[in-house]
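Residue numbers run from 1 in the order of the sequence given.
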Amino acid sequence: MTAPTPSLLVVSAHAGDFVWRAGGAIAAAVQRGERATVVCLSYGERGESASQWLAGKSLDEIKSIRRSEAEAAAAALGAGIEFLDLGDYPLVESQEAVHRLVDVYRTAQPTVVLTHPLADPYNGDHPAAARMALQARVLAQAIGVANADGSFPAQDDIIGAPPVFFFEPHQPEQCDFKPNVLLDITDAFDRKRAAMECLPAQKHMWEYYTQLAIRRGVQVKRNAGPNLGLPHETMGEAYMRYFPQVTGVLQ
């Protein structure tokens, strides 16, 4: 059996989440020659665009601005991007939304999925996105589950069982986030920083997530070999794996 083409799918509640939390993973995947697809369930137009509301922008104007920013950020990372425009604050879960995500899964054929953790007391949109992402992953595997338009998938359209990783929330201690995967994004960080700078509506996040990458980079080095206390420039991202790892070798 031919191994599937490596394909990364990122399910993001809002138009900026994928950049802050997983921009390094996306850029690194693209640098390896893999495909990367981001799906934004909303533009973050109500809850994460305060500067635009204060500037007197209309709802439609804000959605257009956030879409343009997210498209530029995805391009900086080398990823494709889709928008489902489901609304935010709140992002409402529905079977219609899940089935639209099923279509995304079947098109992207992911070998890895990244999304939000299942707990976030500060933003209910994030766990809502995670629940829908997980449900769609299961349904996309079933040949008897129709696509959003009512048609049934061909055998080649159904997906396998891609591993799911939760990316780091803004306040991890309050979200029961205990990372068990540390990703070295040193070679990809310049692309992540460029993508962050495509999001001026949340400029206050640029330095925060740069410093977080530095701290996680320290942990990457500490967990990767001898810790000699020497200076280094490693940058990192933290993840939690949701399903068990399947392997023939413990390493």
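- Considering Arg67, Glu71, Arg66 in turn, Arg66 is the only one that fulfils the side-chain contact (heavy atoms from CB on, under 4.5 Å) rule with Glu69.
- Rounding to the nearest 0.5 Å places CZ of Arg21 at 5.0 Å from NE2 of His126.
- Atom OG1 of Thr234 sits about 12.0 Å away from atom CD of Gln219, to the nearest 0.5 Å.
- Heavy-atom minimum distance, Gly23 versus Leu77: O-CD2, 3.4 Å.
- A pairwise comparison of heavy atoms in Gly24 and Ala188 identifies O-CB, 3.7 Å as the closest pair.
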Practice task
Test side chain to side chain contact (heavy atoms under 4.5 Å, CB included) on Ile81 and Cys40 and set out the steps.
Solution key: CA-CA 8 Å; Ile81 191 165; Cys40 295; 3.9 Å; yes
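- Proximity of the aromatic rings of His14 and Tyr43 is defined here by a centroid distance below 6.0 angstrom, and this criterion is not met.
- In terms of heavy atoms, Ala29 sits closest to Leu8 at CB-CD2, 4.1 Å.
- The CG atom of Asp125 sits 10.0 Å away from atom CG of Leu86, with the distance rounded to the nearest 0.5 Å.
- A single hydrophobic cluster is seen to contain both Phe243 and Met240, as judged by linkage of ILVMFWY side chains at heavy-atom distances under 4.5 Å, directly or through other members.
- Between the OG1 atom of Thr115 and the CG atom of Leu9 there is a distance of 8.5 Å, given to the nearest 0.5 Å.
- When each of Glu48, Arg46, Gln52 is paired with Ile62, the side-chain contact (heavy atoms from CB on, under 4.5 Å) condition holds for Gln52 and for no other.
- Residues that satisfy the side chain to side chain contact (heavy atoms under 4.5 Å, CB included) test with Tyr122, not counting sequence neighbours, are Asp120, Gln171, Gln174.
- For His204 and Tyr209, the ring centers are positioned 6.0 Å apart or more.
- Between Tyr242 and Phe166, a ring centre-to-centre spacing shorter than 6.0 Å is recorded.
- Taking every heavy atom of both residues into account, Pro153 and Ile158 meet most closely at CG-CG2, 4.1 Å.
- In this structure a side-chain-to-backbone donor-acceptor pair under 3.5 Å is missing from Asp157 to Arg106.
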Exercise for the section: Show your reasoning for whether side chain to side chain donor-acceptor pair (under 3.5 Å) applies to Glu61 and Ser58. Expected result: CA-CA 5 Å; Glu61 287 176 317; Ser58 70; 3.3 Å; yes
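- For Gln211, the CD atom counts as densely surrounded, since its 6.0 Å shell holds more than 12 non-hydrogen atoms of other residues, nucleotides or ligands.
- Under the rule for a side chain to side chain contact (heavy atoms under 4.5 Å, CB included), the partners of Val30 that lie at least two apart in sequence or sit in another chain are Ala36, Arg191.
- For the atom pair OG (Ser42) and CG (Asp17), the distance works out to 7.5 Å, reported to the nearest 0.5 Å.
- Under a hydrophobic-cluster definition in which Ile, Leu, Val, Met, Phe, Trp and Tyr are linked whenever side-chain heavy atoms come within less than 4.5 Å, directly or via other members, Val38 and Val113 are assigned to different clusters.
- Looking at Ser7, its side chain does come within 3.5 Å of a backbone N or O of Ala108 through a donor-acceptor pair.
- Side-chain atoms of Asp149 come within 3.5 Å of backbone N or O of Ser151 as a donor-acceptor pair.
- To the nearest 0.5 Å, atom NZ of residue Lys192 and atom CH2 of residue Trp20 are 9.5 Å apart.
- Contact detail for Phe177 and Ala238: the closest heavy-atom pair is CZ-O, 3.6 Å.
- Panel note: side chain Thr186, backbone Met235; a donor-acceptor pair is recorded below 3.5 Å.
- Under the 4.5 Å side-chain heavy-atom criterion for ILVMFWY residues, no single connected hydrophobic cluster contains both Ile26 and Val220.
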Practice task
Just do the side chain to side chain donor-acceptor pair (under 3.5 Å) check on Tyr239 and Asn180 with the steps written out, would you?
Solution key: CA-CA 6 Å; Tyr239 293 86; Asn180 53 22; over 6 Å; no
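- Residues Gln109 and Pro162 have side chains not in contact (no heavy-atom distance under 4.5 Å, counting atoms from C-beta outward).
- Here the closest non-hydrogen pair linking Ala70 and Leu199 is N-CD2, 4.2 Å.
- The cluster map of Ile, Leu, Val, Met, Phe, Trp and Tyr, joined by side-chain heavy atoms under 4.5 Å apart, puts Phe165 and Ile185 in the same cluster.
- Hydrophobic cluster membership is shared by Val19 and Ile214, with clusters built from Ile, Leu, Val, Met, Phe, Trp and Tyr side chains linked at under 4.5 angstrom.
- Remark: Lys63 engages Asp85 in a salt bridge, criterion side-chain N to carboxylate O under 4.0 Å.
- Residues satisfying the side chain to side chain contact (heavy atoms under 4.5 Å, CB included) criterion with Arg193, sequence neighbours excluded, are Phe189, Met196, Glu197, Trp206, Glu207, Thr210.
- Residues Pro172 and Cys175 fail the side-chain proximity criterion, which asks for heavy atoms closer than 4.5 Å.
- Counting only distance, with no hydrogens or angles, the side chain of Ser94 and the backbone of Ala97 share a donor-acceptor pair below 3.5 Å.
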